[in-house]
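What follows is a single structure, written as structure tokens, with notes after it.
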Protein chains: 2
Amino acid sequence: MKNSQLYKGSLNTIIMRLLEEKGRMYGYEITQKVKEITQGELNITEGALYPALHKLEAEGLLDVEVEKVDNRMRKYYKLTEKGTTETVNRLAELEEFIKNMQNIVNPKLSY
Amino acid sequence: MKNSQLYKGSLNTIIMRLLEEKGRMYGYEITQKVKEITQGELNITEGALYPALHKLEAEGLLDVEVEKVDNRMRKYYKLTEKGTTETVNRLAELEEFIKNMQNIVNPKLSY
DNA sequence: AAATATACATAAGTTTCTTATACATAACAA
DNA sequence: TTGTTATGTATAAGAAACTTATGTATATTT
């Protein structure tokens with residue numbers, strides 16, 4: 001992903017969140033979108049992305065539709081019903097995680 | 001650490017940040033402090049913590065002082081000069097990371 | 001007396017990533 | 001026209017960070 005180790009473990013959540021928002025996306029599109037949102041800071045590598053997509057599909061969280069655009073193959077992914085439910089959980093976890101990390105960086109007075 | 005994968009990769013930053021704030025801490029104390037700050041949500045396991053501390057020490061980011069308290073050994077860790085400098089960088093990375101993740105969860109209108 | 005808390009440590013295995021390689025088409029630059 | 005960059009997917013080998021399990025030892029609580 002990036003040199004900063006911090007992103008480790010967040011790839012699945014990123015994918016699912018983007019799919020929740022956009023409805024469906026293909027792999028390369030995801031990498032470009034993330035690069036755009038993070039202003040080039042987070043570059044998802046293919047070696048990380050494609051295995052992650054395949055695993056989410058195998059877990060029944062994503063469905064795939066293959067299409068040919070401009071004579072090139074695209075695999076569009078979208079959330080299954082199960083995936084949509086799970087995304088809600090993961091986003092809640094992410095918000096908790098962010099809150100916890102902020103408390104560590106900038107401790108509350110109570111600590 | 002925890003079932004949520006999100007914390008993967010953040011342990012070193014957490015340790016360094018706590019040491020920056022408290023001056024010096026021993027391993028067990030770190031686990032308790034993190035548990036307290038996160039209200040029990042993040043439990044750092046010994047299998048993760050001690051190797052991490054040893055590695056940070058080997059990298060010259062931490063110094064260690066062994067003391068015996070109540071007939072039990074404690075290894076107090078503190079940041080070296082190099083470690084203090086590096087902590088500034090890591091905290092900046094962490095803030096960027098948090099910002100990026102928030103942009104993904106809650107996209108700006110510009111995207 | 002047994003269980004829990006305090007305190008450190010490591011080894012085996014798993015997961016998630018990086019790096020490298022591979023294939024294929026399209027567009028652009030030299 | 002030929003090489004490079006962009007688009008698009010895929011996998012395999014290795015590294016890194018973790019979990020789980022185990023081990024040692026003392027103090028405190030039940």
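Keep in mind it's a predicted model, so treat the numbers as computed, not measured. Chain letters run A, B, ... following the sequence lines, proteins first, then strands; residues in each count from 1.
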Could you tell me whether the side chains of [X] and [Y] share a donor-acceptor contact shorter than 3.5 Å?
X	Y	result
Asn12(A)	Gln5(B)	no
Asn100(A)	Tyr7(B)	yes
Glu20(A)	Thr87(A)	no

Return the value, rounded to whole Å, for the distance between atom [atom1] of [X] and atom [atom2] of [N].
X	N	atom1	atom2	value
Glu57(A)	dA10(D)	CD	P	9 Å
Glu46(B)	dT10(C)	CD	C1'	11 Å
Ile14(A)	dT16(C)	CD1	P	14 Å
Tyr50(B)	dA25(D)	OH	P	16 Å
Glu36(A)	dT7(D)	CD	P	13 Å
Leu6(A)	dA16(D)	CG	C1'	14 Å
Leu42(A)	dT16(C)	CG	P	17 Å
Asn43(A)	dC17(C)	CG	C1'	15 Å

**Prompt:** Base, sugar-phosphate, or nothing: which does Glu29(A) touch, judged by heavy atoms less than 4.0 Å apart?
**Reply:** nothing
Across the strands shown, which category fits Gly27(A) at heavy-atom distances under 4.0 angstrom: base, sugar-phosphate, nothing? sugar-phosphate
Counting side-chain heavy atoms from C-beta on, which of [options] comes nearest to [X]?
X	options	value
Tyr26(B)	dA10(D), dT10(C), dC8(C)	dC8(C)
His54(B)	dT7(D), dA9(C), dT15(C)	dA9(C)
Leu11(B)	dC8(C), dC18(D), dA17(D)	dC18(D)
Tyr28(A)	dC18(D), dA6(D), dT10(C)	dA6(D)
Lys55(B)	dA17(D), dT9(D), dT15(C)	dA17(D)

Tightest non-hydrogen contact, residues Pro107(A) and Val105(A), listed as CD-O, 3.4 Å
Within residues 67-74 of chain A, the residues having a heavy atom closer than 4.0 Å to DNA chain C are Asp70(A), Asn71(A), Arg72(A)
Hits for side-chain contact (heavy atoms from CB on, under 4.5 Å) against Thr13(A), two or more places apart or cross-chain, chain-then-number order -> Arg90(A), Leu91(A), Leu94(A), Leu6(B)
**Item:** Below 4.0 Å: OP1/OP2 of dC18(D) and any side-chain N or O of Gln5(B)
**Value:** no
So CD1 of Ile30(A) and CD1 of Ile14(A): to nearest 0.5 Å the spacing works out to 10.5 Å
Sorted by position of nearest nucleotide on DNA chain D, 5' first, the leading residue of Leu49(B) and Tyr76(A) is Tyr76(A)
Hey, are Glu59(A) and Lys55(A) close enough for a salt bridge, meaning a charged N less than 4.0 Å from a carboxylate O? yes
#### Entry: Salt bridge Lys78(A)-Glu65(A), side-chain N to carboxylate O under 4.0 Å
yes
Per nearest nucleotide of DNA chain C, the residue lying toward the 5' end, Gln32(B) or Gly47(B), is Gln32(B)
